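As the structure is a prediction and not an experimental result, all values here were calculated from the model. Proteins come first, then strands; the chains are lettered A, B, ... in the order of their sequence lines, and each starts at number 1.
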Amino acid sequence: MHGTIHVARALLGKILLHGSASGIIVETEAYTGPGDDASHSARGVTPRTRVIFGPPGHAYVYLIYGMYQCLNIVAEPDGVPGGVLIRAIQPLTGIEQMQSRRRAARRVEDLANGPGKLTQAFGITMQHNGADVTRGTLTVHPPKNETQLDIAVSPRIGITKAADLPLRFFLRGNPFVSRG
DNA sequence: CAATAGATCATCT
DNA sequence: GATGATCTATTGC
């Protein structure tokens, strides 16, 4: 709950890497489980939500609207639910491959500026559900030079329950943040 | 630019 | 059988 918010902020500025594709995480949302009605884990363990209740640092990937996948990072200790949705990424490398996976994107800014777009650009699928993001083919790691970040906060996007909680975090002014 | 319709299926009730 | 942590294309000012 509290730790998930910390992780959501800490993930900003980190690098997501999958094959030749890499980029800076510029937008996240915290989903804190009990008490957060928008969170998938709010109503307990199901076959789908079991990875959110598992150890931190693992990927929770799910299908939304029958055609897009969303990537979360599990954020709480084993047994405690909580996850961080990765909402937007600033592409760094593998941009040509991202463009071939996302023919609809006309600008580089549109390659990964949304939760469904970035999984498509990076080739992330439900096969990655449960994957350890500290080792393996899909990883998150610190940038080479850590700098001060200007982090802005807002309500989360696209939800109907608990829609007023300020649990969305993004890099202020960054052009790769989603439009909502 | 803003609003909206339609696509499409795993998951849960 | 209903419901989405979405995106794109298209329409209308």
Side-chain angles (χ1 to χ4, degrees), chain A residues 1 3-12 16 21 23 25-54 56 58-76 80-91 98-131 133 138 140 151-171 175-180:
Chain A
M1 33 199 278
T4 301
I5 293 172
H6 176 77
V7 171
R9 303 184 76 113
L11 280 172
L12 292 175
L16 183 74
I25 297 172
V26 299
E27 179 180 353
T28 61
E29 282 178 358
Y31 287 85
T32 61
D36 175 8
D37 241 12
S39 141
H40 288 172
S41 56
R43 283 178 289 278
V45 184
T46 69
R48 177 173 69 161
T49 62
R50 75 186 182 287
V51 339
I52 311 176
F53 287 80
H58 288 242
Y60 166 54
V61 184
Y62 70 94
L63 182 75
I64 186 67
Y65 296 112
M67 63 193 82
Y68 297 104
Q69 343 247 339
C70 291
L71 169 67
N72 296 248
I73 307 297
V74 178
E76 296 286 342
V80 181
V84 174
L85 172 69
I86 309 300
R87 277 199 62 88
I89 289 180
Q90 174 176 346
M98 294 188 198
Q99 284 167 333
S100 73
R101 290 192 183 115
R102 280 197 35 76
R103 308 237 352 245
R106 302 196 167 242
R107 313 175 307 150
V108 182
E109 287 86 346
D110 296 324
L111 283 173
N113 63 340
K117 297 179 190 178
L118 70 91
T119 53
Q120 204 177 340
F122 277 72
I124 297 167
T125 70
M126 285 193 290
Q127 293 187 354
H128 295 96
N129 191 37
V133 157
L138 175 65
V140 175
I151 299 177
V153 184
S154 83
R156 293 172 293 184
I157 289 175
I159 56 175
T160 53
K161 304 165 203 157
D164 296 331
L165 302 178
L167 294 178
R168 170 175 176 252
F169 306 93
F170 58 98
L171 300 186
F176 296 88
V177 168
S178 78
R179 299 193 219 100

Gly66(A) near the nucleic acid: base, sugar-phosphate alone, or nothing, with a heavy-atom cut-off under 4.0 Å? base

Hey, is Tyr68(A) stacking on dT6(C)? Ring centres under 5.5 Å, planes under 30°. no

dT6(C) P sits how many Å from Gln120(A) CD, rounded? 14 Å

Applying the side chain to side chain contact (heavy atoms under 4.5 Å, CB included) test to Val84(A), which of Thr32(A), Val74(A), Leu11(A), Asn72(A) qualifies? Leu11(A)

What's the CZ-C1' distance between Phe169(A) and dA5(C), to the nearest Å? 15 Å

Any donor and acceptor pair, going by atom type alone, linking the side chain of Arg102(A) with main-chain N or O of Asp110(A) inside 3.5 Å? yes

Is a donor-acceptor pair below 3.5 Å formed from side chain Tyr62(A) to base dA5(C), judging by atom type as modelled? yes

Where the side chain of Arg101(A) meets the backbone of Ala121(A), is there a donor-acceptor pair that is under 3.5 Å apart? yes

Are any of Arg103(A)'s side-chain N or O atoms less than 4.0 Å away from OP1 or OP2 of dT8(C)? no

Return no unless some side-chain N or O of Lys161(A) is found under 4.0 Å from OP1 or OP2 of dA5(C). no

Scan Arg102(A) against the nucleic acid and name what it touches under 4.0 Å (heavy atoms): base, sugar-phosphate only, or nothing. sugar-phosphate

Tell me: NE2 of His40(A) to P of dT3(C), nearest whole Å? 15 Å

Whole angstrom is fine here: how far is it from CD1 in Ile86(A) over to C1' in dT6(C)? 16 Å

Base, sugar-phosphate or nothing for Ala38(A)? Non-hydrogen atoms, less than 4.0 Å. base

dT4(B) P sits how many Å from Tyr65(A) OH, rounded? 16 Å

Which part of the nucleic acid does Arg48(A) contact within heavy-atom distance under 4.0 Å: base, sugar-phosphate only, or nothing? sugar-phosphate

Phosphate contact (dA5(C) OP1 or OP2) by Arg168(A) side-chain N/O below 4.0 Å: no

Given that both distances must come in under 3.5 Å, which nucleotide forms a Watson-Crick or G-U wobble pair with dA2(C)? dT11(B)

Let me spell it out: for each of Leu85(A) and Asp110(A), pick the nucleotide of DNA chain C with the closest heavy atom. Which residue's pick is nearer the 5' end? Leu85(A)

Rounded to whole Å, how long is the line connecting atom NZ of Lys117(A) with atom P of dA9(C)? 11 Å

Scan every strand shown for a Watson-Crick or G-U wobble partner of dT4(B), both distances under 3.5 Å, and answer none if you come up empty. dA9(C)

Please give, in whole Å, the distance from dT8(B) P to Gln69(A) CD? 15 Å

Tell me whether Thr125(A) contacts the main-chain N or O of Gln69(A) through its side chain, where contact means a donor paired with an acceptor under 3.5 Å. no

Among Val133(A), Leu16(A), Ile89(A), the one residue meeting side chain to side chain contact (heavy atoms under 4.5 Å, CB included) with Leu71(A): Leu16(A)

Looking at dG4(C), dC7(C), dT8(C), which one has an atom nearest to any side-chain atom of Pro115(A)? dC7(C)

Taking all atoms of both residues into account, what is the closest heavy-atom pair of Ile52(A) and Tyr60(A), and its distance? CD1-CE2, 3.5 Å

Just call it for Arg87(A): base, sugar-phosphate, or nothing, with non-hydrogen atoms closer than 4.0 Å on any strand. sugar-phosphate

Please report, rounded to the nearest Å, how far the P atom of dT6(C) is from the CZ atom of Arg179(A). 14 Å

Classify the nucleic acid contact of Leu63(A) as base, sugar-phosphate or nothing, counting any heavy atom under 4.0 Å across all strands shown. sugar-phosphate

Quick note, Met67(A) side chain, CB onward, closest among dT8(C), dT6(C), dA7(B) is dA7(B)

